[in-house]
Amino acid sequence: MAYLSIDIGSSVVKVGLIAETGELLGLARRASPLLHGPSGAHESDARLWVDAAASAAREILAGRPEERAASEVRAVSVSGNGPTLLAVDAAGDPLGLALSWMDRRAVTEAEEVSALGQIPVDPSFYLPKALRMWRASAELRERLRWFFSCPEYLLFKLCGEAVTYLPHSGYEPYIWDASLIRTLGLPTERFPPFCGPGTIVGGILEEPAMKFGLRRGTPVVAGYPDFLASIVGSGTVIPALACDRGGTSEALNLCAGRPFAGRELLTLPHAVEGLWNLSGGLSTAGKALEWFAALGGYAPGDASQAIYDEAERSPPGARSLFFLPYLAGERAPLWDSERRAAFVGLSLEHSRADLARALCESIVFGLRLPADIAREAGFPVSAVRTSGGAAHARFLNRLKATVIGVPVETTVVSDCELVGDACASACALGDMGSVAEASAQLARVQDRFDPEPGLTGIYDGIFREYRATIGALAPVDAGLARLRSMLRQG
């Protein structure tokens with residue numbers, strides 16, 4: 001018997017069949033492109049999420065013994081990226097494209113929400129996006145039934161029940177709350193009620209059951225936002241252990257026994273009661289690799305591995321070349337929508353291998369920055385567990401261990417969101433007594449990479465200069481922001 005887990009990534013939908021023992025019985029992926037438009041638009045076609053998930057599920061189940069395929073799935077759980085927001089009508093059909101978590105155009109709306117809610121709210125968050133959508137379209141105001149994030153939309157299509165994932169009451173300011181919705185003039189009845197992870201929301205309906213190859217009535221379970229699914233699915237449920245979530249974006253998520261006092265790190269309640277998740281990283285990590293592969297003329301296929309291989313041919317520090325990977329602004333720890341990317345120190349002597357090295361090092365520096373901010377505030381970091389597409393990239397894992405200065409561990413199932421969803425299903429069905437128990441049972445470590453002693457000191461010095469460069473270029477980014485504004489107006 002097994003759990004079917006679905007995770008909607010920024011550009012890929014993943015489906016996994018996870019045994020009750022934690023073994024991965026089947027895995028399939030389908031592309032779900034992120035669409036980039038003018039003025040910082042980053043959008044997705046939500047209809048593709050459903051079709052992609054169904055196609056991947058059928059592929060997995062087709063590989064199982066026919067008489068057992070559907071019956072062995074005890075529950076379906078869904079996680080997904082956020083804050084991505086979609087508006088749908090009464091029939092559940094999208095009213096346009098979904099605004100991705102990368103879409104940060106709702107700057108004015110974020111300022112308004114921040115002032116009213118008396119808490120800093122980023123333009124990428126849900127309420128600024130909902131306010132922007134609501135004010136921009138009379139047709140949407142007339143036809144709107146629900147605002148959904150991506151996992152809740154797919155869950156709705158499976159079982160017909162509208163919910164909003166709320167892992168903990170501490171997340172309400174970052175999602176929405178009824179009083180603030182009313183103050184903003186938005187209709188509260190268009191925002192689905194909250195539901196905790198590990199809750200059976202309903203049974204799968206007949207039409208989607210046929211589409212996905214499942215039995216009608218199979219329990220549909222509320223999963224987690226994707227970052228929490230990765231944390232649970234990697235076994236990062238012990239203070240001082242961190243989860244490195246890689247994908248289009250990448251973030252270090254540190255399990256802690258108390259909240260972080262400042263704003264540099266995003267501090268939210270952990271999936272395990274009484275613990276906290278401190279996070280910061282890069283909005284464009286995998287996206288930066290994709291961008292560089294396209295510009296650098298890398299052959300189609302596994303371009304990321306080709307970049308890693310080329311980067312290894314350049315020495316540490318990439319011959320005094322830095323890359324600042326802020327291709328779409330930045331969230332924690334910089335919290336700056338106007339940040340932009342740059343190669344710093346570029347000269348005629350630099351090769352493509354040096355550029356590749358600088359890009360890879362920038363991703364790792366982007367993880368060390370929140371790690372150092374946490375350590376400087378008295379939060380230890382004992383080890384990092386990887387999750388996502390680059391989880392088993394040996395070059396990156398050695399680099400991460402050496403630069404951050406702690407062991408890096410990989411898990412048997414690198415798509416940890418899928419294991420986190422399985423943990424939600426296990427708790428919902430009563431197979432496990434707690435999230436911590438489910439995580440310890442289903443998440444398994446595979447490999448360990450230790451810091452390279454001869455390079456740790458070298459990278460300490462390189463990172464000090466890198467951190468200074470980030471600060472030095474902040475006024476340049478602000479000036480470029482003013483220039484962009486002037487050019488748009490003129």
Side-chain angles (χ1 to χ4, degrees), residues 234 236 238-246 250-256 260 264-265 278-282 285 288-289 307-325 333-334 343-345 350 353-388 390-411 445-472:
S234 63
T236 308
I238 302 167
L241 191 59
C243 173
D244 164 23
R245 276 196 66 247
E250 189 155 357
L252 190 80
N253 293 270
L254 177 63
C255 182
F260 185 83
E264 297 98 323
L265 301 183
L278 318 183
S279 70
L282 299 165
L289 289 167
I307 293 172
Y308 304 148
D309 292 342
E310 191 158 30
E312 283 197 270
R313 296 198 285 272
S314 176
R319 304 184 202 278
S320 302
L321 178 65
F322 289 151
F323 178 63
L324 305 186
L334 300 184
F343 279 104
V344 181
H350 285 112
D354 297 326
L355 270 67
R357 179 88 185 198
L359 174 58
C360 292
E361 288 183 342
S362 77
I363 293 172
V364 181
F365 293 158
L367 300 175
R368 173 159 175 175
L369 181 58
D372 276 6
I373 290 171
R375 288 185 286 216
E376 288 161 5
F379 294 87
V381 181
S382 61
V384 173
R385 289 188 180 173
T386 60
S387 172
H392 291 286
R394 301 186 68 82
F395 165 68
L396 267 191
N397 288 335
R398 292 196 306 270
L399 188 60
K400 287 172 182 177
T402 300
V403 171
I404 301 173
V406 298
V408 168
E409 299 172 339
T410 66
T411 55
V445 173
Q446 179 172 315
D447 291 322
R448 176 185 169 108
F449 298 82
D450 290 312
E452 297 183 48
L455 292 178
T456 52
I458 293 172
Y459 269 115
D460 284 345
I462 293 171
F463 181 72
R464 279 194 300 270
E465 297 303 323
Y466 186 84
R467 195 167 177 177
T469 302
I470 295 173

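Note: hydrogens, waters and symmetry copies are ignored here, and every other heavy atom, side chains too, is used. Note that the structure is predicted; figures quoted are calculated from it, not measured. Sequence positions, counted from 1, serve as the residue numbers for this chain.
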Taking all non-hydrogen atoms of both residues into account, name the closest pair between [X] and [Y] and its distance.
X    : Y    : result
S382 : P407 : O-CD, 3.4 Å
L396 : A390 : CD1-CB, 4.1 Å
C360 : I307 : SG-CG2, 4.1 Å
P370 : L252 : CG-CB, 4.2 Å
L282 : P325 : CD2-CG, 3.6 Å
D354 : H350 : OD2-CA, 3.4 Å

* Is there a side chain to side chain contact (heavy atoms under 4.5 Å, CB included) between L399 and Y308 once you walk through the steps? -> CA-CA 11 Å; L399 188 60; Y308 304 148; over 6 Å; no
Just by distance, do the side chain of [X] and the backbone of [Y] share a donor-acceptor pair under 3.5 Å?
X    : Y    : result
R313 : A353 : no
E361 : G317 : yes
T411 : S234 : no

* Asked: Would R368 and D460 count as a side chain to side chain contact (heavy atoms under 4.5 Å, CB included) if you check the C-alpha gap in whole Å, the side-chain angles of each, and the deciding distance to 0.1 Å?
  -> CA-CA 10 Å; R368 173 159 175 175; D460 284 345; 2.9 Å; yes
* Pair L265-F379, side chain to side chain contact (heavy atoms under 4.5 Å, CB included): steps then yes or no -> CA-CA 12 Å; L265 301 183; F379 294 87; over 6 Å; no
Nearest-0.5 Å distance, [atom1] of residue [X] to [atom2] of residue [Y]:
X    : Y    : atom1 : atom2 : result
R357 : F395 : CZ    : CZ    : 4.5 Å
E409 : R448 : CD    : CZ    : 6.0 Å
L254 : T236 : CG    : OG1   : 9.5 Å
R398 : E312 : CZ    : CD    : 5.0 Å
F322 : L359 : CZ    : CG    : 14.0 Å
N253 : S279 : CG    : OG    : 5.0 Å

* Asked: Could you go step by step and tell me if I363 and E250 meet the side chain to side chain contact (heavy atoms under 4.5 Å, CB included) rule?
  -> CA-CA 8 Å; I363 293 172; E250 189 155 357; 3.4 Å; yes
* What class does the angle between the rings of Y466 and F365 fall in, given that below 30° is parallel, 30 to 60° is tilted and above 60° is perpendicular? -> tilted
* Are side-chain heavy atoms of V384 and K400 found at a separation under 4.5 Å? -> no
* Asked: Do the side chains of Y459 and V364 get nearer than 4.5 Å, heavy atoms only?
  -> no
* Quick check: are there more than 12 heavy atoms from other residues, nucleotides or ligands sitting under 6.0 Å from CZ of R467? -> yes
* Who pairs with T456 by side-chain contact (heavy atoms from CB on, under 4.5 Å), at least two apart in sequence or on another chain? -> T402, P451
* **Partner set under side-chain contact (heavy atoms from CB on, under 4.5 Å) for T386, not counting sequence neighbours** => D244, A391, N397, V408, T410
* **Short N-O contact, R375 and D372, less than 4.0 angstrom** => yes
